[in-house]
Amino acid sequence: MESPHVEYTAELLRHFADLRDGTHGGAISRQDKECLFAAAVALLDPHARRSLEEINTDLLLGTGEVTATGLRRHSGGVDAIWALTWPEQQTAMINPIVIRAYYSAGAHHPHLESGTAGDWPLNVFDEKQAAAELPTLRAIASADLHNLVFQRDYRIIPAIVRGWTP
């Protein structure tokens, strides 16, 4: 049955229902929740890459490189990072644009974050839900780039330096 909710509010409802029910996508155990997280990372991968490639094409004029770590386990939990680096960012010695999916060791369920901005719920269980995350992934990457400009200045954006005008 189709949800009457728009995708982003449907995700929030899934997220809050999981908090209410003490589950994540129906899973109760940490192991099962981590399996769902690993699947979500794989589903999100093309959409996270797309959001970063759009910035690379339009703002960085194709000078950047998108990388992904894939799923990583560590003492703090499990995560995956997609990053966009480019020459001006590296010269300015600031961090790349980052989209991070993470499931902290003590957390009830996973989240998304940027390198410089807050948390977003991560309740993705199928391709349709993953595709619906594209606007959120774009917002995460845009917020991170915006904050990186404030760490230095507009000159880290090749399109602006090379004379783009509205």
Side-chain angles (χ1 to χ4, degrees), residues 3 7-60 62-87 89-90 93-148 151:
S3 168
E7 291 299 328
Y8 81 96
T9 62
E11 181 182 25
L12 286 168
L13 286 169
R14 288 190 304 273
H15 187 74
F16 299 142
D18 281 352
L19 288 172
R20 177 195 66 208
D21 300 342
T23 62
H24 175 65
I28 296 169
S29 74
R30 175 71 190 203
Q31 182 179 2
D32 290 345
K33 290 177 183 181
E34 282 191 15
C35 287
L36 290 174
F37 176 75
V41 166
L43 289 166
L44 285 175
D45 184 69
H47 307 290
R49 289 175 186 271
R50 177 178 174 184
S51 67
L52 295 173
E53 286 294 352
E54 290 169 350
I55 289 174
N56 184 38
T57 299
D58 293 346
L59 300 170
L60 308 181
T63 63
E65 177 185 10
V66 174
T67 58
T69 63
L71 197 64
R72 306 181 309 175
R73 295 188 183 281
H74 45 78
S75 61
V78 60
D79 73 0
I81 293 175
W82 297 268
L84 173 56
T85 60
W86 68 103
Q89 163 261 324
Q90 292 168 333
M93 295 187 295
I94 56 176
N95 290 328
I97 299 170
V98 169
I99 298 171
R100 179 176 176 241
Y102 71 99
Y103 184 18
S104 299
H108 174 70
H109 52 251
H111 289 87
L112 292 167
E113 70 179 357
S114 78
T116 62
D119 294 313
W120 288 263
L122 177 54
N123 285 64
V124 168
F125 305 106
D126 61 36
E127 177 52 44
K128 182 178 177 189
Q129 293 169 356
E133 285 299 299
L134 184 57
T136 301
L137 295 166
R138 286 173 172 151
I140 291 169
S142 297
D144 207 25
L145 180 58
H146 179 259
N147 292 337
L148 293 173
Q151 288 180 15

Enquirer: Taking all non-hydrogen atoms of both residues into account, name the closest pair between D45 and A68 and its distance.
Expert: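 Where D45 meets A68 most closely, the heavy atoms are OD1-CB, 4.1 Å.
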Enquirer: With sequence neighbours excluded, what pairs up with T116 under the side-chain hydrogen bond (donor to acceptor under 3.5 Å, both in side chains) test?
Expert: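 With neighbours one apart ignored, the set is D144, N147.
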Enquirer: Measure from the side-chain N and O atoms of H108 to the backbone N and O of T23, and report whether any donor-acceptor pair falls under 3.5 Å.
Expert: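 Answer holds: yes.
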Enquirer: What are the two closest heavy atoms between A27 and K33, and how far apart are they?
Expert: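 Residues A27 and K33, closest heavy atoms: O-CE, 3.5 Å.
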Enquirer: Residues in ring-ring contact (aromatic ring centres under 6.0 Å, His included) with H146, at least two apart?
Expert: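 Residues passing ring-ring contact (aromatic ring centres under 6.0 Å, His included) with H146: F150.
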Enquirer: Taking only residues two or more places apart in sequence, or in another chain, which ones meet Y8 in a ring-ring contact (aromatic ring centres under 6.0 Å, His included)?
Expert: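 Y8 satisfies ring-ring contact (aromatic ring centres under 6.0 Å, His included) with no other residue.
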Enquirer: CG of N95 to OG of S114: how many Å apart, nearest 0.5 Å?
Expert: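 Atom-to-atom, N95:CG and S114:OG are 10.5 Å apart.
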Enquirer: Under the salt bridge (charged side-chain N to carboxylate O under 4.0 Å, His left out) test, which residues partner D126, sequence neighbours left out?
Expert: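 D126 satisfies salt bridge (charged side-chain N to carboxylate O under 4.0 Å, His left out) with no residue once adjacent residues are dropped.
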Enquirer: So, using side-chain hydrogen bond (donor to acceptor under 3.5 Å, both in side chains) as the criterion, who are the partners of D119 when residues are at least two apart?
Expert: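 Per chain and number, D119 pairs via side-chain hydrogen bond (donor to acceptor under 3.5 Å, both in side chains) with Y102.
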Enquirer: Report the residues that fulfil salt bridge (charged side-chain N to carboxylate O under 4.0 Å, His left out) with R73, sequence neighbours left out, ordered by chain and then residue number.
Expert: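 Partners of R73 by the salt bridge (charged side-chain N to carboxylate O under 4.0 Å, His left out) criterion, ordered by chain and then number, come out as E34.
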Enquirer: Looking only at heavy atoms, what is the nearest atom pair of S51 and A48, with distance?
Expert: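 Answer, listing the atom of S51 first, then A48: OG-O, 2.8 Å.
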Enquirer: Any heavy-atom pair between the side chains of L84 and L60 that's under 4.5 Å?
Expert: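 They are in contact (side-chain heavy atoms under 4.5 Å apart), so the answer is yes.
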Enquirer: With sequence neighbours excluded, tell me which residues meet side-chain hydrogen bond (donor to acceptor under 3.5 Å, both in side chains) with S75.
Expert: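 S75 satisfies side-chain hydrogen bond (donor to acceptor under 3.5 Å, both in side chains) with no residue once adjacent residues are dropped.
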Enquirer: On a heavy-atom basis, which atom in P121 and which in L12 lie closest, and how many Å separate them?
Expert: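 Scanning both residues, the minimum pair turns out to be CG-CD2, 3.6 Å.
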Enquirer: Taking the side chain as every heavy atom from C-beta outward, state whether Q151 and L148 have any pair of such atoms under 4.5 Å apart.
Expert: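 Yes; the side chains approach each other to less than 4.5 Å.
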Enquirer: Listing request: all salt bridge (charged side-chain N to carboxylate O under 4.0 Å, His left out) pairs with a residue in residues 8-23, at least two apart in sequence or in separate chains.
Expert: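 Found none.
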Enquirer: So, for A38 and L71, which heavy atoms are closest and what is the spacing to 0.1 Å?
Expert: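 Between these two residues, the closest heavy atoms are CB-CD2, 3.5 Å.
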Enquirer: Can you list every pair that meets ring-ring contact (aromatic ring centres under 6.0 Å, His included) and has a residue in residues 36-60, with sequence neighbours left out?
Expert: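 Passing the test, one end in residues 36-60: no pairs.
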Enquirer: Does the S104 side chain pair with the main chain of A107, one donor and one acceptor, at a distance under 3.5 Å?
Expert: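 Flag not set: sc S104 to bb A107 has no pair under 3.5 Å.
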Enquirer: Looking at every non-hydrogen atom in both residues, tell me the closest pair between A141 and L52 and how far apart they are.
Expert: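 Scanning both residues, the minimum pair turns out to be CB-CD2, 3.9 Å.
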Enquirer: Listed by chain and number, what are the side-chain hydrogen bond (donor to acceptor under 3.5 Å, both in side chains) partners of H15, not counting sequence neighbours?
Expert: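 Per chain and number, H15 pairs via side-chain hydrogen bond (donor to acceptor under 3.5 Å, both in side chains) with H109, N123.
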Enquirer: For R100, enumerate each residue passing the salt bridge (charged side-chain N to carboxylate O under 4.0 Å, His left out) test, keeping only those at least two apart in sequence or located in another chain.
Expert: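 D79, E113.
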Enquirer: Could you check whether any side-chain heavy atom of T85 comes within less than 4.5 Å of a side-chain heavy atom of T67, counting everything from C-beta outward?
Expert: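 In short, these two side chains do not touch, never coming nearer than 4.5 Å.
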Enquirer: Once you round to the nearest 0.5 Å, how far does CD1 of I140 lie from CD1 of I99?
Expert: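 Output value for this atom pair is 6.0 Å.
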Enquirer: In chain order, what residues pass the salt bridge (charged side-chain N to carboxylate O under 4.0 Å, His left out) check against E54, with sequence neighbours excluded?
Expert: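 Applying salt bridge (charged side-chain N to carboxylate O under 4.0 Å, His left out) to E54 gives R50, R138.
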Enquirer: With distance as the sole test, does T69 use its side chain to make a donor-acceptor pair with the main-chain N or O of I81 at under 3.5 Å?
Expert: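 Answer holds: yes.
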Enquirer: Side chains of W82 and L44: does their closest heavy-atom pair fall under 4.5 Å?
Expert: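 W82 vs L44: side chains touch.
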